Amino acid sequence: MASEQQFSLTQPMILGFDPGKDKCGVAVMGLDRQLCYHEVVSSEAAIGVIQNLREKYPITLLVMGDQTTSKRWKKDLQSQLGEQFNIIPVDERYTTLEARDRYWQMFPPTGLNKILPPGMRQPPRPIDDIVAILLIERYLARLTGKNAE
């Protein structure tokens, strides 16, 4: 399920990509750290989704997790999206744990999840898109020297 918000076309956007074997997380964020879009997609659909997002948003670069399948994905993305498209690897260690906490910040727990200790809560859906958001934030933090919020 895609999540979109209002955005400004006047600033460059960054596409975050959490590559995976079966599913991938994608997110689009402006340099102002305003989140415009996030979604978990199947691996087969990922490149098509990225192409569509590049048509819709003024994306200037793609930041991608640097672990498991990243080398193959980078090669595939460059061949499909064009060699000149800038793809920057970002350290993705511990992002899954961070994404779980961020999920509950973005979507506060309800019902029984409310009374469970935070460490025992499991998000009810894949959180690869939130990992993609964290990758963008890590890149921006590295760029600006500020901590990701």
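Being a predicted model, the structure only gives us computed values, none of them experimental.
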Asp22: side-chain hydrogen bond (donor to acceptor under 3.5 Å, both in side chains) partners, not counting sequence neighbours: none
Value rounded to 0.5 Å, distance of [atom1] in [X] from [atom2] in [Y]:
| X | Y | atom1 | atom2 | value |
| --- | --- | --- | --- | --- |
| Ile87 | Leu62 | CD1 | CG | 5.5 Å |
| Gln78 | Asn86 | CD | CG | 9.0 Å |
| Ile136 | Leu35 | CD1 | CG | 7.5 Å |
| Trp104 | Leu116 | CH2 | CG | 8.5 Å |
| Ile130 | Met106 | CD1 | CE | 5.0 Å |
| Cys36 | Met13 | SG | CE | 3.5 Å |

Residue pairs, two or more places apart or on separate chains, that pass side-chain hydrogen bond (donor to acceptor under 3.5 Å, both in side chains) and touch residues 110-123: none
Side chain to side chain contact (heavy atoms under 4.5 Å, CB included) between Met29 and His38, worked out: CA-CA 9 Å; Met29 184 183 288; His38 61 100; over 6 Å; no
Ring-face cation of Arg54 near Phe85 (centre distance under 6.0 Å, axis angle within 45°):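 Yes, Arg54 and Phe85 form such a contact.
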Apart from Leu112 itself, residues in the same hydrophobic cluster as defined by side-chain heavy atoms under 4.5 Å: Ile115
Salt bridge (Lys or Arg N to Asp or Glu O under 4.0 Å) pairs, two or more places apart, involving residues 57-72: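 Listed once each, the pairs are Arg72-Asp76.
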Within residues 89-99 or reaching into it, pairs that qualify as salt bridge (Lys or Arg N to Asp or Glu O under 4.0 Å) - sequence neighbours excluded: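 Listed by first then second residue: Asp91-Arg93, Glu98-Arg138.
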Thr69 side chain vs Lys21 backbone, donor-acceptor pair below 3.5 Å: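 Looks like no, no N/O pair under 3.5 Å.
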Main-chain N/O of Val131 paired with Thr95 side-chain donor or acceptor, under 3.5 Å: no
Write down the atom of [X], the atom of [Y], and the distance for their closest heavy-atom approach.
| X | Y | value |
| --- | --- | --- |
| Arg100 | Pro123 | CG-CD, 3.5 Å |
| Ala99 | Leu134 | N-CD1, 3.4 Å |
| Val90 | Leu135 | CG1-O, 3.8 Å |
| Ser43 | Cys24 | OG-SG, 3.7 Å |
| Pro19 | Gly65 | CD-N, 4.0 Å |
| Leu61 | Ile59 | O-CG2, 3.4 Å |

Side chain to side chain contact (heavy atoms under 4.5 Å, CB included) evaluation trace for Leu140 with Ile14: CA-CA 9 Å; Leu140 289 172; Ile14 298 171; 3.6 Å; yes
ring-ring contact (aromatic ring centres under 6.0 Å, His included) contacts in which one or both residues fall within residues 15-35, not counting sequence neighbours: Phe17-Trp73
Ile47/Leu77 under side chain to side chain contact (heavy atoms under 4.5 Å, CB included): CA gap, chis, key distance, verdict: CA-CA 7 Å; Ile47 290 178; Leu77 288 166; 3.9 Å; yes
From Val41, Asp18, Val40, residue fulfilling side chain to side chain contact (heavy atoms under 4.5 Å, CB included) relative to Pro126: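 Testing each of Val41, Asp18, Val40 against Pro126, the sole residue satisfying side chain to side chain contact (heavy atoms under 4.5 Å, CB included) is Val40.
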Sequence-distant partners of Pro117, side-chain contact (heavy atoms from CB on, under 4.5 Å), two or more places apart: Met120
Contacts of type salt bridge (charged side-chain N to carboxylate O under 4.0 Å, His left out), residue Lys23, not counting sequence neighbours: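 Salt bridge (charged side-chain N to carboxylate O under 4.0 Å, His left out) check on Lys23 returns Asp128.
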Candidate pair Val26 and Ile50, rule side chain to side chain contact (heavy atoms under 4.5 Å, CB included), full reasoning: CA-CA 8 Å; Val26 291; Ile50 290 169; 4.2 Å; yes
Results of ring-ring contact (aromatic ring centres under 6.0 Å, His included) for Tyr139 - residues two or more places apart only: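 So Tyr139 forms no ring-ring contact (aromatic ring centres under 6.0 Å, His included) with any residue.
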